[in-house]
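Working notes for the structure below.
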Amino acid sequence: MTEARKTKAAIRPANGRLAMTTPADLARIEAWEYAPAPEARDYLAIQPRYELFIGGRWRKPKSGRHFTTINPATEETIAEIAEADAADVDRAVGAARAAYDKYWRRCPPAHRAKYLFRIARAIAERSRELAVLESVDGGKPIKEARDFDVPLAAQHFFYYAGWADKLEWAFPNTRPRPLGVAAQIIPWNFPLLMAAWKIAPALACGNTVVLKPAETTPLTALRLAEIIEQADLPPGVVNIITGSGATGAALAGHRGVDKVAFTGSTEVGKEIARACAGTSKRLTLELGGKAANIVFDDAPLEQAVEGIVNGIFFNQGHVCCAGSRLLVQESVHDVVAELLHRRMQTLRVGDPLDKNTDVGAINSAAQLRKIEELAQSGDADGCTRFQTECDLPARGFWYRPTFFTGVSMSHRIAQEEIFGPVLSVLTFRTPDEAVEKANNTPYGLSAGVWTDKGSKNFKIASQLRAGVVWSNTFNKFDPSSPFGGYRESGFGREGGIHGLLPYIEARP
Amino acid sequence: MMTVDAVGLEERAADLAKRSIKKHAKIHGLRIAIACIDLTGLEGKDTPGRVAQLCRKALTPDSRDPTLPHVAAVCVYPSLVSAAKKALEGSDVKVASVATAFPSGQSSIAVKIEETKEAVADGADEIDMVIDRGAFHAGRFREVRSEIEAVKQACGPAALKVILETGELGTYDNVRRASQLAMEAGADFIKTSTGKIAPAATLPVALVMLQAARDFERRTGRRVGVKVAGGIRAAKQALQYLVIVKETCGDDWLSPAWFRIGASSLLNDILMQLWKERTGAYQSDEYFTKD
């Protein structure tokens, strides 16, 4: 034993007895910090400029304009992206129409399945590359892109590939027919996954597609276009065009489109609904949410806290079904708040490409401003703010995981969708009050119920007006399970047999 | 009592097991793991000679690397306590003795107390007792508790580790309840397993026990340590347990004062990993002494 070792501080148990101490107590000398564990990205080839994928070819935009996409974690420019204007939209819709008439509507269902299986396998094979790209372009932690976004995207293609030649079985006594050209507009929170949710059922049912990814996160959709190209899909069956909201509006408003599917904000969803009104276009919308996560006093609280953390901090809270309103029974409010606060301190916020990062970068400067503004309204309304105490990187867009206590239903942070890592904690006393408060919102996308009592769990779940209710868990997804909203969270379902319906005419 | 949802618990444990521990974090973590080991010899054929060799290994895990810490304790049967004590004389490595009709716990309380007293008299610094699972399953919780209290009393100055034998408890709710009970009865450590039955320690079980210990400290101000034992043979597993300790209870629990790993073959795997980190290549296991 060296002297140095002997002088290491002994640790006294609370009872004051020096019992379990050994001087070989190197553990305490310095805190055990995880070393950086960055996912390699050097092999990832990103072109300096991307064009539009129309009719199976990469075309320069008629608009002649490009915009840049940046890495929100560093604010560095990654690539230039073509901006499609109305003429480009017209060309894309024309290509989709031609492909529909020429190949796709005539393509035997089993062959459609073959193409979808091919895409699914390619996504799985290139999963690492897609995950890194998703993380770099959108700011999400690599572990989420790797373990959630990309595998689930592949699973959706596998799942709907299976349906392609079984539509008559899915809808008995009908002759299921495709609709034609589907215009699909997707958000920036799960770029590749949303593309899969949209494209897979559309193709399985025999439609052709024009997809527009979000302005801030086009790269994985463009990589998907490369995969589709390599899968040898007939040209024009899938067209991927990039641009801003104006491009989306032109696409949704195009007269050659038979079906519009939109995932995004309720505000834009309403505009699209107005544009589609009075036309023959079929429409599905998957919009915002302000989900209630209800925790009863008989819940498994440790796991409920995990569910709360997952519900609001998963993907930096950029989740339409995020559990952004925590309704906790008043008798366990303090213990839940304490456990939550403690748990939040272990969240690792920072470099999205680090495999140990739990919370990545906010997707854009604009979104960060919106989160800041709403959180400040929580302060101004007198709510109490709790945050993860951590250093944030100097560059990039970041927001500390946050929750507010002392929130009332009338506060803005209890009503408006923040779409960031900010949780509002409200209390209730009885199950009826919990249900009333949970349903007291214009939205209705998802909800969570935490109680160890099975009968109560089912009873509460059946009273909630939400498209998805998670019992003793949160944010669970499966291609076979339908997802969609009530009321201002939209209509139509994605996933499962239900997800075929928006893309099919199922009449005798 | 706080209930445990098995699905959520196992998910969380699996999540934590995915932490990527590389480079200096790995080296640092493995050194902590060594310092937390209760180097265990619990074979029927153990002899004073074998125990002496085990103790030598405990003091100097790797003669080629004198900077490594010694392990926390050597864990033996009561009859070998004096041999271990002798071999470890003058060092800070503790002698831990299993007691109370280990591993079954199926004997009278009088015998258990006598056995404990004898081990302590022979010089045991720590006693690893087993709870009466039969009484626990029969719902005689008060009996389980009073037995722990009695053994604690018999320990005198020695610290008491209470083995819950979680593999026989059946549910995580039971693990949580038994943890609670043992801590309230005066345990200095709660321990997963005897290592004699499977399943022994698992990550979710360790997580439940750490949460229970953390909550107990918050409520009572008294900190109780956690020991995982049984089936931990790989350095990687040891790091996963350290991650769970760190992220559940905090950095200051990463110390032999509050966390132990009961193991025998684990030590050599850690040494092998440390040499691999140093040289970039795995060495033959013949370079590592098998004591």
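All chains are named by letter (A, B, ...) in the order of the sequence lines, taking the proteins before the strands, and each is independently numbered beginning at 1.
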Should the heavy atoms of other residues, nucleotides or ligands under 6.0 Å from CZ of Arg56(B) be counted, would the total exceed 12?
no
I'd like to know which of Val335(A), Thr473(A), Leu339(A) tops the heavy-atom pair count under 4.5 Å against chain B.
Leu339(A)
Nearest 0.5 angstrom please: Trp32(A) CH2 to Asp251(B) CG, how far?
9.5 Å
The interface call for Val224(B) against chain A, heavy-atom contacts under 4.5 Å, is neither
Check the pair His28(B) / Glu33(A) against side chain to side chain contact (heavy atoms under 4.5 Å, CB included), numbers first and verdict last.
CA-CA 9 Å; His28(B) 190 179; Glu33(A) 293 299 339; over 6 Å; no
Within this structure, what is the OH-NZ distance for the pair Tyr34(A) and Lys22(B), rounded to the nearest 0.5 Å?
13.5 Å
Can you tell which part of Gln345(A) gets under 4.5 Å to a heavy atom of chain B, answering side chain, backbone, both or neither?
neither
So how far is it from Asn472(A) CG to Thr3(B) OG1, rounded to the nearest 0.5 Å?
8.5 Å
Minimum-distance pair of heavy atoms, taken over all atoms of Ser20(B) and Ala37(A)
OG-CB, 3.4 Å
For the candidates Met2(B), Glu247(B), Arg19(B), Lys23(B), which exhibits the highest count of non-hydrogen atom pairs separated by less than 4.5 Å from chain A?
Arg19(B)
For chain B, which residues from residues 299-310 of chain A have at least one heavy atom closer than 4.5 Å to it?
Ala299(A), Pro300(A), Leu301(A), Glu302(A), Gln303(A), Glu306(A)
Under 6.0 Å from the CD atom of Glu277(B), do we count more than 12 heavy atoms belonging to anything else shown?
yes
Against chain A, label Glu11(B) side chain, backbone, both or neither, depending on which of its atoms sit under 4.5 Å from a heavy atom there.
side chain
Go through the atoms of Leu239(B) and report whether side chain, backbone, both or neither lie under 4.5 Å from a heavy atom of chain A.
both
Please flag which part of Arg12(B) lies under 4.5 Å from any non-hydrogen atom of chain A: side chain, backbone, both or neither.
side chain
Please list, in residue-number order, every residue in residues 347-357 of chain A that has a heavy atom less than 4.5 Å from any heavy atom of chain B; write 'none' if there are none.
Arg348(A), Lys355(A), Asn356(A)
Sidechain N-carboxylate O distance under 4.0 Å for Lys18(B), Asp147(A)
yes
Among residues 202-214 of chain B, those lying within the under-4.5 Å heavy-atom range of chain A are Gln211(B), Arg214(B)
Heavy-atom proximity to chain A below 4.5 Å, by part of Arg219(B)
neither
Checking Thr248(B) against chain A: side chain, backbone, both or neither under 4.5 Å from a heavy atom?
backbone
Heavy-atom neighbours of Glu389(A) CD exceed 12 at 6.0 Å:
yes
Contact part of Cys155(B) toward chain A, heavy-atom cut-off under 4.5 Å: side chain, backbone, both or neither?
neither
Using the test salt bridge (charged side-chain N to carboxylate O under 4.0 Å, His left out), find all partners of Asp149(A) that sit at least two apart in sequence or belong to another chain.
Lys140(A)
Lys/Arg-Asp/Glu bridge criterion (N-O < 4.0 Å) met for Arg342(A), Asp215(B)
no
Can you confirm whether Lys276(B) is buried at NZ, in the sense that more than 12 heavy atoms of other residues, nucleotides or ligands lie under 6.0 Å from that atom?
yes
Counting only heavy atoms not in Lys453(A), do more than 12 fall under 6.0 Å of its NZ?
no
